[in-house]
Amino acid sequence: MSDPFDLSAFEEPQNFQSDASVMSEAARPEPPYLAALNEAQREAVEATEGPVLVLAGAGTGKTRALTTRLAHILNLGLARPGEILAVTFTNKASREMKSRVEGLLQRTVESLWLGTFHAMGARILRSHAELVGLKPNFTILDTDDQLRLMKQVIEAANIDEKKWPARNLSAIIGRWKDRGIGPETAGSDGTGDFAFGKGPELYAAYQQRLKALNAADFGDLLLHCLTLFGNHADVLADYQRRFRYVLVDEYQDANVAQYLWLRLLARAHHNICCVGDDDQSIYGWRGAEVGNILRFEKDFEGACVIRLEQNYRSTPHILAAAGGLIANNAGRLGKTLWTEAPEGERIKIRGVWDGEDEARSVGDEIEALQAKGHSLNEMAILVRAVFQMREFEERFLTLGLPYRVIGGLRFYERREIRDAVAYFRAIAQPEDDLAFERIINVPRRGIGATTMQAVHQLARARGISLMQAAVEIVGTDELRPQARRSMSDFLSRLDHWRAEKARLPQADLAEFVLDDSGYTEMWQNDKSPDAPGKLENLKELVSAMDEFENLEGFLEHVSLVMENEDSGAGDKVNLMTLHGAKGLEFDAVFLPGWEEGVFPNQRSLDEGGSTALEEERRLGHVGLTRARKRVFLSFAANRRIYNQWQSSIPSRFIDELPQDAIEYVSESGLYEGQQATALDSDHSSAFGTAERPQMGRRRSRYDRAVTSGGLILEGRSEAVVVRESAGSYRVGDRVFHQKFGYGQVLTVDGDRLQVAFDKAGTKKVIDSFVESV
DNA sequence: TAGGGAATATTTTTT
DNA sequence: ATATTCCCTA
């Protein structure tokens, strides 16, 4: 291992205009990249010293400002590349930053500390792993591994995993880690009620297991850094000295742990520049802390705050709509986006009968734009939740309209990829129990739960890895002959693969292992329609491995950086969630499903109250500001969610859009002109008398709110639905469930009910699945 | 141990 | 409706 603090190996600072370096400061011509900036951007670039917060609205050139700043620092020779830390949240963003900096400087730049928070955290940790109880080659677990480990921990503590699911614990621990809280300090807050307060205990056990496995989860990559910095002032001081400039992208998404990490690193020189937009903070549910951005000035004394407000993306109408919407949020720093662009079209709002109708009208609109020569690549449909996508996909398939879905499972999250990687992990790291467990019986080798239980038992009793335990148990007669033979066979193959590892390049090794293990064959024999695709993916994985130095390098990459398979070239409409759209832009944006319950999302509101409502609103703001020229917004009177019809009312967000930025278009006669019609006290009348046969059976939450005591208040084009108390049911109510029949409500917890059904027994159900009788 | 049928749970998901 | 996970039986 080379000394991470040895700066001698670093390249000398160099100016990209090498001939200019002899000129005096005054005679130096202004670098051309500065001329491309507006005044505020330029200020953000040139204020290199001291803390700077750049509040950059959507489309105001924040990436340009940030990358130019980085290039500028290098160009002035203020720091060598290795003395700059630039962090982003996504690999995509860091790749883009790197290539743009290189574009500005007209040369490649190596040895920058540029990458995601997690990648940078991992890089630091690898150098000091022992100081936090890990080995330098520790494994980085993904969510799937985490969950399985968590399950084991819960079961080991003799807790019913059904009552206290691993995913809940995982979320709780995740939030702790987000806030920089270790197992010692966990529990003093409200999240400690998992399994009657066993949360912190389980957290400690989980961390213990991680350490035993020589593994870290995503949260640990930062948390361990904090521990490291806290316990080893010398290490921290070295990094503080090293990183003379710190740059942060998308600062509004930083959680507390990341914030603390940054603050520690920048504490010595305060040369930290954070770029962000509080109005685009949409990951609060994942631990992002908008508070970070709001308190920047307090934490970094003498901070310079620069606002980027000139928008280069959207039309005034779109900006007005987005601005009008977001103005309803309290507790924001406040920005007003403006543009010199011509006015353009108003936002078109359309009320439709149902989701199918909505998909049809969006499809028509897309085809009309396409006929006028607009590229499909420049159109996007942004939905609140993935279940909204299906109707669009169906419609597009019918129309033969090419589309791509952005987001969804990442490449490395696919089962076949995870299996393959587990093979490689098991080869590279004999202690990786999780990998071993994953592949031991995939493909089927006749090694089932019983066998594994015995192995587990031995491993736990002796404090050894599963693989070691397996080796030992094979030497005894504890297993049944068949299992024993399979196990011994598998272990010897593993040995064989390990031996091959020394001889073969990793891609060849991978191919060999996948064939020799029978894994490829398993998919070849699989009749399911997606089996060929899986084989394709495996091929892709193997060929991608070529690019790495060795197997270990590849494994690091796979856990931190592995990309989504690109969704195919060609002219296609983009379909994605609002979250997935952040950072992207399109000429035309479709925003379907602006209905109460869908958007803002009811669950979100139930869980997070007004904070969540504001986040939903920011999500709307993000959606609107993705558009350059056109926005088509729609809402349906009826929506089928999980095979249940619900009638719905337009999103409150629609009422918050300024009147002169929008226009209603509606061939169906619904919601024509003013929505006041739609918000009549008896809203069902606004949808006409014809009801679908499927409807009327089921009464939605909103129906009930309207007809059974809830109120719809109307005030200057604002509609507020007031439901009775938190839920619509009370203990003792008689209810009917489609599957379980009649029953009586036992307990009410938000929208979750416990119901004693007459025939089916006591069940927990979501209140929208039952109706009162 | 494997495979089928029942039970369950469906907001968002940068790493 | 649908996907996943769980449980039980052959």
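Numbers restart at 1 for each chain; the letters A, B, ... are given by sequence-line order, proteins then strands. In this text the structure is predicted, and so the values were computed from the model without any measurement.
Annotation: cation-pi pair A:R639/A:W645 absent, no NZ/CZ under 6.0 Å from the ring centroid and within 45° of its normal.
Between the base of B:dT11 and the side chain of A:R603 there is no donor-acceptor pair shorter than 3.5 Å. For A:R286 against B:dT11, a side-chain-to-base donor-acceptor contact under 3.5 Å is absent.
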Could you walk me through whether A:R384 and A:N601 pass the side chain to side chain donor-acceptor pair (under 3.5 Å) check? CA-CA 8 Å; A:R384 175 63 182 85; A:N601 179 276; 4.9 Å; no

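Residue A:Y283 is classed as a base contact, given a heavy-atom separation below 4.0 Å to a base.
The CZ-C1' distance, from A:R167 to B:dT11, rounds to 12 Å in whole Å. A straight line from CG of A:L578 to P of B:dT12 spans 11 Å, rounded to a whole angstrom. Atom CG of A:N255 and atom C1' of B:dT15 are 11 Å apart (whole Å). As rounded to whole Å, 13 Å separates atom C1' of B:dT12 from atom CG of A:D253. One atom, CG of A:D178, and another, P of B:dT15, lie 15 Å apart when rounded to the nearest Å. Atom CD of A:Q146 is separated from atom C1' of B:dT13 by 12 Å (rounded to the nearest Å). For the pair A:Q602 CD and B:dT12 P, the interatomic distance rounds to 15 Å; values are reported in whole Å. Rounded to an integer number of Å, the gap from CZ of A:F138 to C1' of B:dT15 is 13 Å.
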Please write out the pairs of protein N or O atoms and N or O atoms of nucleotides 6-10 of chain C separated by less than 3.5 Å, giving the distance to one decimal.
from, atom 1, to, atom 2, distance (Å)
C:dC7, OP1, A:K162, NZ, 2.2

I'd like a list of close polar pairs between nucleotides 1-3 of chain B and the protein, N/O only, cut-off under 3.5 Å.
from, atom 1, to, atom 2, distance (Å)
B:dT1, OP1, A:G448, N, 2.7
B:dT1, OP1, A:T451, OG1, 2.8
B:dT1, OP2, A:A449, N, 3.3
B:dT1, OP2, A:T450, N, 2.9
B:dT1, OP2, A:T450, OG1, 2.5
B:dA2, OP2, A:N441, ND2, 3.3
B:dG3, OP2, A:R444, NH1, 3.2

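Between A:Y642 and the phosphate of B:dT8, there is no side-chain N or O to OP1/OP2 separation shorter than 4.0 Å. Neither OP1 nor OP2 of B:dT12 sits under 4.0 Å from any side-chain N or O of A:N601. Residue A:T577 has no polar side-chain atom (N or O) positioned under 4.0 Å from OP1 or OP2 of B:dT11.
Here A:R484 pairs with A:D477, A:L479 under the side chain to side chain contact (heavy atoms under 4.5 Å, CB included) rule; sequence neighbours left out. Considering only residues two or more places apart in sequence or on other chains, A:E585 meets the salt bridge (Lys or Arg N to Asp or Glu O under 4.0 Å) condition with A:R313, A:R628. A:D249 is linked by a salt bridge (Lys or Arg N to Asp or Glu O under 4.0 Å) to A:K62, counting only residues two or more places apart in sequence or in another chain. The salt bridge (Lys or Arg N to Asp or Glu O under 4.0 Å) check on A:K534 picks up A:E416, with sequence neighbours excluded.
Distance from the side chain of A:T116 is smallest to B:dT15 among B:dT15, B:dT10, B:dT12.
Separating the P atom of B:dT13 from that of C:dT4 is a span of 16 Å, rounded to the nearest Å.
Put simply, the side chain of A:L262 reaches to within 4.5 Å of the side chain of A:Y251, judged on heavy atoms. Looking only at side-chain heavy atoms (C-beta outward), A:E595 and A:S651 stay at 4.5 Å or farther from each other. When side chains are defined from C-beta on, A:R626 counts as touching A:L382, because their heavy atoms get closer than 4.5 Å.
Mapping A:T90 and A:S604 onto DNA chain B by nearest heavy atom places A:S604 closer to the 5' end of the strand.
A perpendicular orientation is assigned to the rings of A:F548 and A:F554, their planes being inclined by more than 60° (bins at 30° and 60°).
Stacking here means ring centres nearer than 5.5 Å and ring planes tilted less than 30 degrees, and by that measure A:W285 stacks onto B:dT12.
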